[in-house]
S.K.: 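Below you will find the structure I want to go over with you.
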Protein chains: 2
Amino acid sequence: MVAIETLDAPMRLAAQPLYAKVREALVGRLISGAWKPGQMLPSEFAIADELGVSQGTVRKALDEMTNEGLLIRRQGRGTFVSEAEDKSILFRFYRLTSNNGQGTDQSFPESKYLSRSLQTANAEEKALFSLEVGAQVWHFERLRSENGQPILVEQLILPQNRFPDLDEQKDLPNNVYRFYGAQYGIIVARVEEKLRAITAPAHVSEHLGLESNAPVLEIDRRAFALDGSIVEWRVSLCQSDTMHYRNELK
Amino acid sequence: MVAIETLDAPMRLAAQPLYAKVREALVGRLISGAWKPGQMLPSEFAIADELGVSQGTVRKALDEMTNEGLLIRRQGRGTFVSEAEDKSILFRFYRLTSNNGQGTDQSFPESKYLSRSLQTANAEEKALFSLEVGAQVWHFERLRSENGQPILVEQLILPQNRFPDLDEQKDLPNNVYRFYGAQYGIIVARVEEKLRAITAPAHVSEHLGLESNAPVLEIDRRAFALDGSIVEWRVSLCQSDTMHYRNELK
DNA sequence: AAGTGGTCTAGACCACCGC
DNA sequence: CGGTGGTCTAGACCACTTA
């Protein structure tokens, strides 16, 4: 019954429903790292007892978090913090598909790193990541391929303050979101993307084996952590000959 | 208590939960047209009594349908079949934004129809709409602009059997999904899109005021009705100079 | 004041998993 | 078998809208 103060704490202008407070408390444990990816959560009744609410209220909070992709629930097993390795999660943020793909033959591309550097953030990067003057950002460029076929060239930009010690790493792994979680406790909760068609720059069309002036799909992505801050800026240039970006709107 | 048979009817191999049967029954009323867009549904308790289940079970079904965008619930007012006019619905399937847009200045583009024709379906169209040999399809081409600025040229393809009497219409309205609902009782439940970057065909770059060979964003969309059938095939070619396609993944 | 959706509870039972 | 999530119920109370 101690933790009931935790739930009463917020006391916003517009009173939140109880399940929203429960959700905030649980998300807080993910942010703080008290619950790590892959870990099993206490049972619904255990959480309910601890927070002094009913099991149904806890369930509503857990269901919401499951819908957001933060948790995975398995009947008979338990509730787990979702990992970027889970099959269903791997493709959560990966929307590129081969044109003749059947939908089931989804594969995940490998990465070859082309460059890596630590730079002083420019104005745009400072604003994006809310950095101080003089703060630094990592730039990575990589070529991603599927079955030997080059698909896209992309640039990853990470704020140095959220990713210290990166210089000690030889390269980033292929699945970077899993790496962010495992190494830095950063869980990517959602991403915003802007898509445009542009003419491929020379070095990109070379890497992708396209004629110069070939059109490519530009995907400008900002990845948000659980606390709402931007942790990665990514610009991908994807060849459109054999690949497309799929989307479903409901 | 009569309608309990309706709910028992399915009896699938994998027994569905009760709320899923309730959902099916309610969606059936939308499909049949018994409940039309904009109409108010009976209260939770009224539906629960009629179907012989508890109010909580009905609520779970209604909540799901609300999440899918089929219904709109307003506290104190009631539950309504969603209309394509609702502000929140208007932009549900429209993801194009001006590059310098602030996100709040969302506006909806006007349409100018360029052509209209009734043709015998080709092999691809026959397969897509599950048509018989010799069946016909409507082709519409229109230019969409925002504040006088041309944004995209798109082609709409509709199966004649789902849209009879269209020849009597001078043109389709701007908001076609609202029209499908009001005129034919067809509710678009979801759409699948494939995005690619291509070089604009000559007549498209002319309409959009682009140089020849300019890259444009191709959006290939199939719209699905409540019963899962495809009711519209749409290919939009959008200029990428001032516009982009925004997407959020969770 | 009456009617609607929104929240919360308590308890029952089922389905699935792993030991 | 015991523990987990999944479903379903019945009832209470709150918040909002309309008349």
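So you know, we letter chains A, B, ... as the sequences are listed, proteins then strands, and number each from 1.
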S.K.: Ignoring hydrogens and angles, are the base of C/dG6 and the side chain of B/R59 linked by a donor-acceptor pair under 3.5 Å?
M.R.: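 In this structure, the two groups form a donor-acceptor pair.
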S.K.: Give, for atom CD of B/E44 and atom OG of B/S54, the distance between the pair rounded to the nearest 0.5 Å.
M.R.: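 Between atom CD of B/E44 and atom OG of B/S54 there are 10.0 Å.
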S.K.: Between D/dC8, D/dG6, C/dG5, which one does the side chain of B/S43 approach most closely?
M.R.: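 Of the candidates, C/dG5 comes closest.
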S.K.: Considering only C/dT7, D/dT17, C/dG5, which nucleotide approaches the side chain of B/R77 most closely?
M.R.: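 Closest of the options to the side chain of B/R77: D/dT17.
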S.K.: Report the nucleotide, chosen from D/dT9, C/dT9, C/dG5, that has the shortest atom-to-atom distance to any side-chain atom of A/L18.
M.R.: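 My answer, after comparing the listed nucleotides, is C/dT9.
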S.K.: Please figure out whether B/V58 or A/D63 has its closest DNA chain D nucleotide nearer the 5' end.
M.R.: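 Whichever sits nearer the 5' end wins; that is A/D63.
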S.K.: Nearest whole Å is fine: how far is D/dC16 C1' from B/F80 CZ?
M.R.: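 Taking atom C1' of D/dC16 as the reference, CZ of B/F80 is at 13 Å.
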S.K.: Of all the choices, D/dT7, C/dT9, D/dG11, which nucleotide is nearest to the side chain of A/Q55 once you look at every atom?
M.R.: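 That would be D/dT7.
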S.K.: Of the options D/dG5, D/dT7, C/dT9, whose atoms approach the side-chain atoms of A/S54 most closely?
M.R.: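 Within the option list, the nearest is C/dT9.
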S.K.: Side chains of A/P159 and A/W233, heavy atoms from C-beta outward: is any pair under 4.5 Å?
M.R.: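 They are not in side-chain contact.
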S.K.: Need to verify one output field. Residue with the more 5' nearest nucleotide on DNA chain C, A/Y19 or A/F45?
M.R.: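 First, find each residue's nearest nucleotide; the 5'-ward one identifies A/Y19.
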S.K.: Report yes if the side chains of A/R190 and A/E68 come closer than 4.5 Å at any heavy-atom pair, otherwise no.
M.R.: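 Of all side-chain heavy-atom pairs linking A/E68 with A/R190, none is under 4.5 Å.
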S.K.: Do A/F129 and A/R162 have side chains that get closer than 4.5 Å, going by heavy atoms?
M.R.: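 The answer is no; the side chains never approach within 4.5 Å.
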S.K.: Check the phosphate of C/dC8 against A/T57, side-chain N and O only, distance under 4.0 Å to OP1 or OP2. Yes or no?
M.R.: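 So the side-chain polar atoms of A/T57 never come under 4.0 Å of the phosphate oxygens OP1 or OP2 of C/dC8.
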S.K.: Can you measure A/E44 atom CD to D/dT7 atom P for me and round it to whole angstrom units?
M.R.: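 It is 11 Å, rounded to the nearest whole Å.
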S.K.: What's the closest nucleotide to the A/M40 side chain, out of C/dT4, D/dT4, D/dC8?
M.R.: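 For A/M40, the side-chain atoms sit closest to D/dT4.
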S.K.: Specify the separation, in whole Å, of atom CG of B/L51 and atom P of D/dT9.
M.R.: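 For the pair B/L51 CG and D/dT9 P, the rounded distance is 11 Å.
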S.K.: Please confirm whether the shortest side-chain N or O distance from A/R73 to OP1 or OP2 of D/dG6 is below 4.0 Å.
M.R.: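 Yes, because at least one side-chain N or O of A/R73 sits under 4.0 Å from OP1 or OP2 of D/dG6.
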S.K.: Using distance alone, with no hydrogens and no angle criterion, decide if B/R246 and B/T97 have a side-chain donor and acceptor under 3.5 Å apart.
M.R.: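 Looking only at side-chain atoms, B/T97 and B/R246 do form a donor-acceptor pair, the distance falling under 3.5 Å.
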S.K.: Are any of B/K60's side-chain N or O atoms less than 4.0 Å away from OP1 or OP2 of D/dC8?
M.R.: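 Answer is no, no contact under 4.0 Å.
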S.K.: Both B/R74 and A/G56 contact DNA chain C. Which one's nearest nucleotide lies toward the 5' end?
M.R.: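 Per heavy-atom nearest nucleotide, the more 5' residue is B/R74.
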